[in-house]
Engineer: 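Quick one: this structure, given as structure tokens, is what I'll be asking you about.
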Amino acid sequence: MDTFKTRFLAARQAVIDMSLRDLNPQQRQAAEAADGPLLILAGAGSGKTTVLIRRIACLLRFGRAADTEEIPPEATEEDLEFLERYVRLGSPEDRERAEALCALDPAMPWQILAITFTNKAAGELTSRLEKLLGAEAGDLWTSTFHSACVRILRRNRDRLGLNGADFTIYDTADSQSLIKRILKDFAMEEKSYPPRSVLSFISAAKNKMQDPEDCRKAAGIDLRRQQLADVYREYRRRMLQADAMDFDDLLLNTVRLLENDGEVLDYYRRKFRYILVDEYQDTNMLQYRLVSLLAGERKNICVVGDDDQGIYKFRGATIQNILEFEEDFPGARVIKLEQNYRSTSTILDAANAVIRHNQGRKGKTLWTSNGKGDLITLYTAGNENEEAQYVAGRILASFSAGGNWRDHAVLYRVNALSNRLEYAMKRNGIPYRIYGGTRFYDRAEIKDMLAYLAVVANPGDDLRLRRILNNPPRGIGDTTVERAGQLAAEQGSSLYEILCHAEEYPELRRGLNGIRSFTALIRDLREKRTETLDVLYDELLRRSGYVAMLEERDTQENITRLENIQELKTNILSFIRERSGVGTLEDFLDEMALYSDTDEMGKEGDCVSLMTMHSAKGLEFPTVFVVGAEDGLFPGTKAIGEDEEMEEERRLCYVAITRAKQKLYITNARQRMVFGRTQNNMLSRFIQDIPEEYLQKLPMRETAAGTGFRAYHTGSGSGSENSGSYSAARRPERSRPAPRPLYSAPKSAAPAYVPKVGDRVKHKAFGGGTVLTVKTVGPDRMLEIAFDDSGTKKLMLSAAARFLQKE
DNA sequence: AATCCGGTTCTTTTT
DNA sequence: GAACCGGATT
């Protein structure tokens, strides 16, 4: 081989290595691989996002260079010398030119499509890419599946056969109310056809790319399935009529568009030279089809995922996609990232021990060079109150030892468990935030405002129009609306069109005045579409009479509603700012439909996080509490006995455990009230799979029988468990626990000396110091003390009292 | 049109 | 145990 080439290859490899030197060998391999299908099996905490980012950077900087023996044909001796000098000296100012000399077919930013599942993940990817690449990052397509589809569909809206100019997105609540309408019109009982399950039937059908007709055929003589197919057909008919798409339609219609329109397919295949998909284990069939369509013959598709973390089967995700990737894309390279940078080895070993029992998995074993760390604490409480109080106590203790609130997360299987925990947090003055409650735009008044805006954008949207037609009341009664609905159905036109010609129909006479003022309102607002969005919104608030209606009575409820409406204005303003004034009404509505405010996670200051295990995916915390670890709850009753369900639950357990960086607590309760019934559950079988050597079980021994309450004093020996002062007071007066949920700090623990701000104090361990702040936290006080020699520390008074005296 | 009552339901939910 | 929905009642 000619020496020039050999030298060039060596120098180039060295340059690339220099740019990736902070990655481990597997990560580096994944970042360097360029063309062809690539599966990255990334265990929890293995630096998956980092790899994605570095891979993109690598494609942009080096193109195929890291992955081939080819050298750029135009390379000269002079270039080579430059490279070799750079390798020798590593002068940072030469870096850019050196990297450019190495590049072979570098990708352009707009040729890269990176798909994530959540807006949060997409946002994180974008911001980290911006940091690394600067302005170049702006031309990358980093988006969720759904927003990528919206983008494709909008660009090709004239090929979709719409009635109007554009389409509207229905969220799940919209879809559900449409289903309810249809059930009503079909005189079907909601009891025998729960809207939710009808919807998931339709969703499943779409996932298999089945038409209503296909479903009808597949139903055979099954009457129920025939009926479901009929509802599906009507659902689709009304969606088409209103130019509306639900979340599944966004994917489905994009797939259809690409399949049926060679020109469009060709365009995107050419455009996206490289495709990256994150969280591939959570993709469904439609998403798989979409991705393979786009990948085309080139098959430059890189998917990242962890088969052990697939927890969304119930929404149509199939881990088959990741398990069968190598068959779907023959010749695929597979790289496993098994080094974990997040957790202690104890936590990882426990997680491995749990997930090992699953059959359908690729098989990975996480390891770490982090130390063993603390044992996992398994605390068995008598009941759910005790459990919650234990968690609160541990959080207080950790906080007083200098931790932040935000370093703690409490994870549960079902939202129903959050109540007790919330009370415990409140009682102890712990700042907390519960994720996954009602979303901002799920509130009625927000939905109303958005419905107005949606109708302004698209008057053919019957569903939204019905929502606002008589809201605020305009004297348009149900019967009038029903009659108008019938007329619309007969004439195959939209409700709005009927209303616009209401005077032609005698049966609408009763509501004529109201209808006129409504259609006039919409007409006027539609004229304002050319103004900026905030002007339109102000006009809406003024003209609709909605605000006036709320201002009539200033109840607390109305006041919050007005605030929320104002808050939406803030959203609009920041939307306009983001889009530098060019955001359209349609864009805004898209964003509202596609963005949930769980995307705001973690932006809320210093708080303990309470959330379901599902929402915790992708997050990490120094200290994690997994509560309710009981058979019947986790795994839930419905899953026990079902193999596939059990595997999914076990994956969920794996996800939960691997959220913890340093300290993991697992709790269960011997007795627990669930849905108004008292249950006696056994410790979760998943937890029983964790070898004893990793666990510290509390309480270590039973306290005197018959007191009803047990404190979790651990006595001597385990110095880290000194939270007794937060535990339930021992009350010997009754032999049975009476209904008394409240815990109070034992009186005997009330310290004689309560420091005040500015006091000089002396601490046995930390020496002299000055009290900076004193804050009441539940039954206790949190002190912040600036020690003369040991820095500023936060201490809980009850814990510190015996070491502390006034100087 | 508003309010009350009573029966029902209760995994998980990135979009 | 609580929240939510639909129907009935005024």
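Values below: every heavy atom of this structure, side chains too, minus hydrogens, waters and symmetry copies. None of the values given here were measured: they were computed from a predicted structure. Numbered from 1 within each chain, the chains take letters A, B, ... in sequence-line order.
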Engineer: For a quick check of understanding: with a heavy-atom distance under 4.0 Å over all strands, which category does A/E649 fall into, base, sugar-phosphate or nothing?
Structural biologist: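 Base contact - A/E649 has a heavy atom under 4.0 Å of at least one base atom.
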
Engineer: Starting at NZ of A/K184 and ending at P of C/dG7, how long is that distance when rounded to a whole Å?
Structural biologist: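 Taking atom P of C/dG7 as the reference, NZ of A/K184 is at 7 Å.
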
Engineer: Which glycosidic conformation, syn or anti, is assigned to B/dT11 if syn requires a torsion within 90° of zero?
Structural biologist: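 Base orientation: syn.
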
Engineer: How close or far is atom P of B/dT12 from atom CD of A/E642, stated in whole angstroms?
Structural biologist: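 About 18 Å, once rounded to whole Å.
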
Engineer: Given the P atoms of B/dT12 and C/dC5, what is the spacing between them in whole Å?
Structural biologist: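 One P to the other, the span is 16 Å.
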
Engineer: Does A/M673 reach a base, just sugar-phosphate, or nothing at all? Heavy atoms under 4.0 Å.
Structural biologist: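 A/M673: backbone/sugar contact only, no base atoms under 4.0 Å.
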
Engineer: Which nucleotide in the set B/dT15, B/dT8, B/dT11 lies at the smallest distance from any side-chain heavy atom of A/N119?
Structural biologist: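 From the listed options, B/dT15 comes nearest.
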
Engineer: What is the separation between atom CG on A/L199 and atom C1' on B/dT13, rounded to the nearest whole Å?
Structural biologist: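 Spelled out: CG on A/L199 to C1' on B/dT13 is 12 Å.
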
Engineer: Take a 6.0 Å sphere around CZ of A/R509 and say whether it holds more than 12 heavy atoms from other residues, nucleotides or ligands.
Structural biologist: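 Atom CZ in A/R509 is not crowded, with 12 or fewer foreign heavy atoms closer than 6.0 Å.
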
Engineer: For A/T637, report the nucleic acid contact type (base, sugar-phosphate, nothing); a contact means any heavy atom under 4.0 Å.
Structural biologist: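 Nothing: the residue A/T637, judged by heavy atoms under 4.0 Å, touches no strand.
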
Engineer: Using a cut-off of 4.0 Å on non-hydrogen atoms, how would the nucleic acid contact of A/E189 be classed: base, sugar-phosphate, or nothing?
Structural biologist: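 Nothing, no nucleic acid heavy atom in range.
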
Engineer: Rounded to whole angstroms, how far apart are CZ on A/F686 and C1' on B/dT12?
Structural biologist: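 A/F686 atom CZ is separated from B/dT12 atom C1' by 13 Å.
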
Engineer: Measuring only the P atom in each nucleotide, how far is B/dT13 from C/dC4? A whole number of Å is fine.
Structural biologist: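 About 16 Å, rounded to a whole number of Å.
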
Engineer: Hey, does A/R677 reach any base, or is it just sugar-phosphate, or nothing, if we go heavy atoms under 4.0 Å?
Structural biologist: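 A/R677: no heavy atom of the nucleic acid under 4.0 Å.
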
Engineer: Any idea which of B/dT15, B/dT12, B/dT14 is nearest the A/F117 side chain?
Structural biologist: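 It is B/dT14.
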
Engineer: Give the rounded distance in Å between these two atoms: CG of A/N415 and C1' of B/dT13.
Structural biologist: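 Rounding to the nearest Å, CG of A/N415 and C1' of B/dT13 are 10 Å apart.
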
Engineer: Tell me which residues in residues 301-317 of chain A put a heavy atom below 4.0 Å from DNA chain B, sorted by number, or none.
Structural biologist: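 A/Y312, A/F314, A/R315, in order of number.
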
Engineer: Using a cut-off of 6.0 Å, state whether more than 12 heavy atoms not belonging to A/F575 lie near its atom CZ.
Structural biologist: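 Buried by this count: over 12 neighbours within 6.0 Å.
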
Engineer: Considering only heavy atoms from C-beta outward, does the side chain of A/Y280 approach that of A/D306 to under 4.5 Å?
Structural biologist: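 SC-SC contact between A/Y280 and A/D306 ruled out.
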
Engineer: Among B/dT15, B/dT14, C/dG1, which nucleotide has an atom closest to any side-chain atom of A/K617?
Structural biologist: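 Among the listed nucleotides, the one closest to the side chain of A/K617 is B/dT14.
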
Engineer: Expressed in angstrom and rounded to an integer, what is the separation of A/F675 atom CZ from B/dT9 atom P?
Structural biologist: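 These atoms are roughly 13 Å apart.
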
Engineer: Could A/R685 and A/D689 be called an ion pair, given the rule that one side-chain N must be under 4.0 Å from one carboxylate O?
Structural biologist: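 Result for this pair is no, no salt bridge flagged.
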
Engineer: Rounded to the Å, how far apart are A/D478 CG and B/dA2 C1'?
Structural biologist: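 For the pair A/D478 CG and B/dA2 C1', the rounded distance is 13 Å.
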
Engineer: Answer yes or no: is there a side-chain heavy-atom contact under 4.5 Å between A/R361 and A/I355?
Structural biologist: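 Counting from C-beta outward, A/R361 and A/I355 do come under 4.5 Å.
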
Engineer: For A/R196, which contact category applies under a 4.0 Å heavy-atom criterion: base, sugar-phosphate, or nothing?
Structural biologist: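 The answer is base, as A/R196 lies within the cut-off (heavy atoms under 4.0 Å) of a base atom.
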
Engineer: Quick check: A/H614 with A/Y312 (ring centres under 6.0 Å apart)?
Structural biologist: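 Yes, the ring of A/Y312 comes within the 6.0 Å limit of the ring of A/H614, centre to centre.
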
Engineer: Are A/E578 and A/E591 side-chain neighbours, meaning at least one heavy-atom pair lies under 4.5 Å?
Structural biologist: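 Yes. Closest side-chain heavy atoms under 4.5 Å.
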
Engineer: Check the phosphate of B/dT13 against A/S615, side-chain N and O only, distance under 4.0 Å to OP1 or OP2. Yes or no?
Structural biologist: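 Answer is yes, contact under 4.0 Å.
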
Engineer: Quick one: are A/L52 and A/D278 in side-chain contact, heavy atoms under 4.5 Å?
Structural biologist: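 Yes, at least one pair of side-chain atoms sits under 4.5 Å.
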
Engineer: For A/T144 and for A/K638, find the nucleotide of DNA chain B with the closest heavy atom, then tell me which residue's nucleotide is more 5'.
Structural biologist: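 Looking at the nearest nucleotide for each, A/K638 comes out on the 5' side.
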
Engineer: Here's a test of your reading of the structure: between A/V414 and A/T172, which maps to the more 5' nucleotide of DNA chain B?
Structural biologist: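 Closest to the 5' end, via its nearest nucleotide, is A/V414.
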
Engineer: Using atom CD of A/Q176 as one end and atom P of C/dC4 as the other, report the distance to the nearest whole Å.
Structural biologist: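 Rounded to whole Å, this separation is 13 Å.
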
